[in-house]
Amino acid sequence: QTQLAYLVQILLENGFIEHGDHWKMCAEHFLWQGKQIDNKKLAAAIGNVASFNKDGKPKKAEILESIVSDLSNLEE
């Protein structure tokens, strides 16, 4: 759930999705452990990342960043 929240954050930062109902949209399209995600909990998950480590990134953040970077390069 935290990795999904981080992915949404970096997609926002790179202009792939717009601010607004982005948490709700993600909650409607993704499952977590086979169950629907609460959009408020998803939004809160990104705030929790900072408490896990000093970088403010979840595990495997580099993979997510690499995917978004590759997508950005495709746009150019």
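No experiment lies behind these values; they were computed from the predicted model shown.
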For A27 against Q36, the heavy-atom pair lying closest together: O-CG, 3.9 Å
Without swapping roles, check the side chain of D38 against the backbone of K40 for a donor-acceptor pair under 3.5 Å. yes
Under the side chain to side chain donor-acceptor pair (under 3.5 Å) test, which residues partner E13, sequence neighbours left out? Q9
Under the criterion side chain to side chain contact (heavy atoms under 4.5 Å, CB included), I'd like the reasoning laid out for L7 against I67: C-alpha separation, chi angles, the key distance, then a yes or no. CA-CA 10 Å; L7 177 61; I67 291 168; 5.7 Å; no
Hey, could you give me the CG/CG distance between N14 and L71, rounded to the nearest 0.5 Å? 9.0 Å
Straight-line distance of I37 CD1 to W32 CH2, nearest 0.5 Å: 8.5 Å
Enter the distance from I17:CD1 to M25:CE here, rounded to the nearest 0.5 Å. 4.5 Å
Can you tell me if S66 uses its side chain to pair, donor with acceptor, with the backbone of E62 under 3.5 Å? no
Shortest non-hydrogen contact between H22 and V8, atoms and distance: CD2-CG1, 3.9 Å
Excluding sequence neighbours, so at least two apart, what forms side chain to side chain donor-acceptor pair (under 3.5 Å) with E65? Y6, K57
Are L74 and L11 co-members of a hydrophobic cluster defined by side-chain heavy atoms under 4.5 Å apart? yes
